[in-house]
Amino acid sequence: MSHVTPHWPQPSHPTIQQVIYATDDTSFTTRSLSLITLPPFGLFAKLDFPPCTPAPSPTYATVQCGINSHLNLNSDLLYINHSCDPSLIFDTTNLVVMAGPKGLKVGEELTFFYPSTEYAMAQPFDCFCGSSSCKGRISGARDMKPEQLEGVFLNAHIRELLGMNGTKGGQDDETAKALREVVRAAERALDGYLAAKGGAAGKGEEKKINGVKKVLNGGYANGNGIEIEAEGLRARGTTSRELSGEMGGDTRA
């Protein structure tokens, strides 16, 4: 598959991501570094529409977000490599990218675990992440042994395809618990604020406090109760994907 010339403004995420491009065939892969520090499960980016668009079929430039659904990233998030000990979580169910359970530091390489989103990759590759938990051959969650996925965050569609729904334990539950706690804390703060101002507003009215938005119509934004915005988020070589054989060269313009 031929490589894609970026059609988006670069850099696409100048406040949170720095892309280090490979300059020749002998250089290390193109990679991305973090420009921000985040606590465990802190919000790194949103998979917004735009720049994301639905993809009719999977390619090296897409991420899987459902059993038969895929997204074109259309941004420098494409340059985030695979690692078996990743610094990020791509939660394509909720369309967010979060720091992993260790948090994130400035200068740390941005990586995620490709099988957490991809059930079956078009062409596998040998992982070179070098971590003690390296899985070796990466071809999608379908081909991984259960013990290779223990304690690893997996998106809902991957768990469903693997028949893992209803299981307990592992990083998946830890992430879900952390997100629920964020939601509850934000709702408590916002409800207290509204009470101090005289109670709920009229139907359909929105209130904001500290970047959290609550829609007062009996429901909530995004169906999750809150919308959280990280500071600066709205400012809008080869990669691991290229090594898989799905890409024919460096993706620079």
Residue pair H13, L77: steps toward the side-chain contact (heavy atoms from CB on, under 4.5 Å) verdict: CA-CA 8 Å; H13 293 75; L77 296 179; 3.8 Å; yes
Residue pair C84 / S131: nearest heavy atoms and the distance that separates them: CB-OG, 3.9 Å
Option among L162, V152, I138, D143 that satisfies the side-chain contact (heavy atoms from CB on, under 4.5 Å) test with P115: I138
ILVMFWY cluster, Y60 and W8 together (side-chain gap under 4.5 Å): yes
Sub-4.5 Å side-chain heavy-atom contact between S139 and F125: no
For L154 against S116, the heavy-atom pair lying closest together: CD2-CA, 3.9 Å
Centroid-centroid under 6.0 Å between F113 and F90 rings: no
N81-S32 side chain donor-acceptor pair, cut-off 3.5 Å: no
Y79 versus T30, closest heavy-atom pair with distance: CD2-CG2, 4.0 Å
Salt bridge (charged side-chain N to carboxylate O under 4.0 Å, His left out) partners for K102, two or more places apart: D85
Heavy-atom closest pair, residues L78 and A61: CD1-CA, 3.5 Å
ILVMFWY cluster, L104 and V106 together (side-chain gap under 4.5 Å): no
Interatomic spacing from CG in L71 to CG in L47 - rounded to 0.5 Å: 6.5 Å
In one Ile/Leu/Val/Met/Phe/Trp/Tyr side-chain cluster, 4.5 Å: L110, L95: yes
Least distance between heavy atoms, C65 atom then H70 atom: SG-N, 3.9 Å
From N94 atom CG to I89 atom CD1, the distance as rounded to the nearest 0.5 Å: 11.5 Å
Distance, nearest 0.5 Å, that separates OG of S75 from CD of Q10: 9.5 Å
Rounded distance [0.5 Å steps], CE in M98 versus CG in L88: 9.5 Å
Nearest-0.5 Å distance, CG of residue L161 to CG of residue N68: 8.0 Å
Side chain proximity check, N74 to H7, heavy atoms < 4.5 angstrom: yes
4.5 Å side-chain heavy-atom contact, S34 and Q17: no
Same apolar cluster (I L V M F W Y, side chains within < 4.5 Å links), L33/L35: no
Derivation of the side-chain contact (heavy atoms from CB on, under 4.5 Å) call for Y114 and M121: CA-CA 9 Å; Y114 284 6; M121 297 176 64; 3.9 Å; yes
Derivation of the side-chain contact (heavy atoms from CB on, under 4.5 Å) call for V97 and F112: CA-CA 9 Å; V97 181; F112 79 100; over 6 Å; no
I158 vs T117 side-chain heavy atoms within contact, under 4.5 Å: no
Residue pair H157 / Q64: nearest heavy atoms and the distance that separates them: CE1-O, 3.2 Å
D91 side chain to V96 backbone, donor-acceptor under 3.5 Å: no
Interatomic spacing from CG in N155 to OG1 in T93 - rounded to 0.5 Å: 4.5 Å
Connected via hydrophobic side-chain network under 4.5 Å: M164 and M144: yes
CA sep, side-chain torsions, deciding dist, call: T92, V63, side-chain contact (heavy atoms from CB on, under 4.5 Å): CA-CA 8 Å; T92 58; V63 290; 4.0 Å; yes
